[in-house]
Amino acid sequence: MSDIQQAVREKYGAIATSVKESSATTGCCGPTSCGCGDPITSNLYSDAEKSGLPADAVAASLGCGNPTALLSLEPGETVLDLGSGGGIDVLLSARRVGPTGKAYGLDMTDEMLALARDNQQKAGATNVEFLKGTIEAIPLPDNSVDVIISNCVINLSSDKDAVMREAFRVLKPGGRFAVSDVIVRGDVPADVRRSMELWVGCIAGALEETDYAARLRAAGFSDVEVEPWRVYKVEDARSFLTKSGLDVDRIAPVVQDRFASAFIRGRKPRGKSCCGPECCA
């Protein structure tokens with residue numbers, strides 16, 4: 001396991017334990033916040049979406065977007081959530097695909113899996129399954145899911161190309177990739193970038209938006225779109241950056257509007273049709 005994976009596992013294991021023990025009503029970077037705040041995590045889910053969900057599923061929502069709002073889900077479809085945490089996006093997806101569909105959640109943290117399965121039981125969701133594993137090695141067969149979602153988890157991976165290749169592998173032809181993630185817009189000095197990443201996601205490696213799109217295309221995806229929807233302002237992170245020893249007024253011009261939550265979409269091509277004896281076995 002990489003140092004980054006171990007750090008992520010420890011961080012989010014502690015969050016799950018805290019939520020479980022205290023039934024906390026907010027969540028971001030954990031019981032002792034490392035800087036994430038309302039500009040990132042607030043107002044992601046409507047009251048209607050949260051209605052009927054276990055309180056702990058809402059409390060353990062640690063993302064920067066609402067991937068279930070990115071696309072329509074049809075009854076009978078199979079959905080996979082990469083880095084499913086407390087399970088909020090899995091439970092919301094399960095509602096939409098109905099009893100003939102299936103919603104998988106994938107997480108590597110035992111504490112989060114235990115919390116998610118508890119939330120599944122409380123919600124009475126019978127079309128849900130939580131799997132243990134990493135997003136770089138998805139424990140599902142080729143061509144097995146219709147939709148992949150994720151909520152600000154891919155930016156935590158140290159091998160994003162592997163994540164994208166695995167996502168492409170498990171999607172059915174025509175399957176959809178629709179995630180929320182943190183992106184960087186343009187060049188940012190290394191020290192400033194690292195401080196902003198710590199504020200945004202505790203342990204983050206956010207990709208530049210054109211690089212994100214290029215990596216998805218290299219993995220085989222078509223119809224790739226990167227849509228920034230919540231752009232972070234320097235004032236959002238002023239307190240954290242000041243504590244980090246940075247002169248906020250000096251760096252403001254290179255930070256302002258450079259980090260954002262984005263909706264990222266792609267599709268696995270269906271491939272060429274085969275209708276003649278020369279190509280059909």
Side-chain angles (χ1 to χ4, degrees), residues 63 65-84 87 89-108 125-157 159-181 183 207 209-227 229 262-281:
N66 179 355
T68 64
L70 290 177
L71 75 172
S72 61
L73 294 176
E74 302 297 331
E77 288 190 314
T78 300
V79 181
L80 169 63
D81 182 14
L82 301 180
S84 47
D89 295 319
V90 178
L91 295 176
L92 289 173
S93 297
R95 285 180 182 176
R96 294 169 65 188
V97 300
T100 60
K102 183 74 174 277
Y104 288 104
L106 174 63
D107 207 283
M108 67 177 180
T126 58
N127 59 339
V128 165
E129 183 176 351
F130 289 99
L131 307 171
K132 183 175 181 178
T134 69
I135 61 176
E136 297 86 1
I138 299 170
L140 286 173
D142 297 356
N143 307 317
S144 57
V145 301
D146 297 291
V147 178
I148 285 179
I149 62 173
S150 185
N151 200 344
C152 285
V153 172
I154 296 174
N155 76 87
L156 301 176
S157 173
D159 191 350
K160 298 174 181 62
D161 290 332
V163 177
M164 295 172 190
R165 289 193 300 268
E166 280 289 274
F168 188 87
R169 177 184 67 80
V170 301
L171 278 172
K172 299 174 184 177
R176 293 160 290 161
F177 178 91
V179 308
S180 297
D181 217 344
I183 61 165
L207 294 174
E209 60 181 323
T210 57
D211 185 25
Y212 207 130
R215 289 173 187 243
L216 282 172
R217 293 188 184 100
F221 286 96
S222 62
D223 303 327
V224 173
E225 299 176 356
V226 179
E227 178 189 349
W229 72 276
F263 295 145
I264 298 126
R265 302 175 180 87
R267 183 180 293 273
K268 181 173 181 175
R270 293 186 181 277
K272 295 181 180 178
S273 61
C274 179
C275 56
E278 69 279 1
C279 63
C280 297

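In this chain, residues are counted from 1 in sequence order. Values in this document were obtained by computation on a predicted structure and should not be read as measured data.
Between Val224 and Phe177, every side-chain heavy-atom pair lies at or beyond the 4.5 Å cut-off. Between Lys160 and Ile154 the shortest side-chain heavy-atom distance falls below 4.5 Å.
Partners of Ala125 by side-chain contact (heavy atoms from CB on, under 4.5 Å), not counting sequence neighbours, listed by chain and number: Leu91, Gln120, Asn127, Val128. With sequence neighbours excluded, the residues satisfying side-chain contact (heavy atoms from CB on, under 4.5 Å) with Phe168 are Phe221, Lys268, Pro269. Under the side-chain contact (heavy atoms from CB on, under 4.5 Å) criterion, Thr210 pairs with Glu208, sequence neighbours left out. Checked against side-chain contact (heavy atoms from CB on, under 4.5 Å), Asp161 has the following partners two or more places apart in sequence or in another chain: Asp159, Arg165, Arg215. By the salt bridge (charged side-chain N to carboxylate O under 4.0 Å, His left out) test, Glu227 is found to be paired with Arg265, residues two or more places apart in sequence or in another chain being considered.
In this structure a side-chain-to-backbone donor-acceptor pair under 3.5 Å is present from Glu166 to Ile138. Thr78 places no side-chain N or O within donor-acceptor distance of the main-chain N or O of Asp146, the cut-off being under 3.5 Å. Listed for the Ser84 side chain is a donor-acceptor partner under 3.5 Å among the backbone atoms of Leu106.
Annotation: the span from Ser144 atom OG to Asp142 atom CG amounts to 7.5 Å, rounded to 0.5 Å. In this structure, CG in Leu80 is found 9.0 Å from OH in Tyr104, a value given to the nearest 0.5 Å. We find the CZ-CG distance between Arg169 and Leu140 to be 7.5 Å, quoted to the nearest 0.5 Å. Taken to the nearest 0.5 Å, the CZ atom of Arg270 stands 10.5 Å off from the NZ atom of Lys172. We find the CG-OH distance between Asn155 and Tyr212 to be 7.5 Å, quoted to the nearest 0.5 Å. Taking OG1 of Thr134 as the reference point, atom CE of Met108 lies at 8.0 Å (rounded to 0.5 Å).
Minimum heavy-atom separation, Leu71 to Ala178: CD2-CB, 4.0 Å. Between Ala262 and Ile183, the closest heavy-atom pair is CB-CD1, 3.8 Å. Contact detail for Ser93 and Val79: the closest heavy-atom pair is OG-CG1, 4.0 Å. Residues Ile135 and Ser157 come closest through the heavy atom pair CD1-CB, 4.2 Å. Taking every heavy atom of both residues into account, Val226 and Ala213 meet most closely at CG2-CB, 4.0 Å.
Screening Asp89, Val179, Asp181, Leu82 for a side chain to side chain contact (heavy atoms under 4.5 Å, CB included) involving Asn151 leaves a single residue, Asp89.
Within the structure, every pair that satisfies the salt bridge (charged side-chain N to carboxylate O under 4.0 Å, His left out) test and touches residues 72-84, not counting sequence neighbours, is listed here: Glu77-Arg176.
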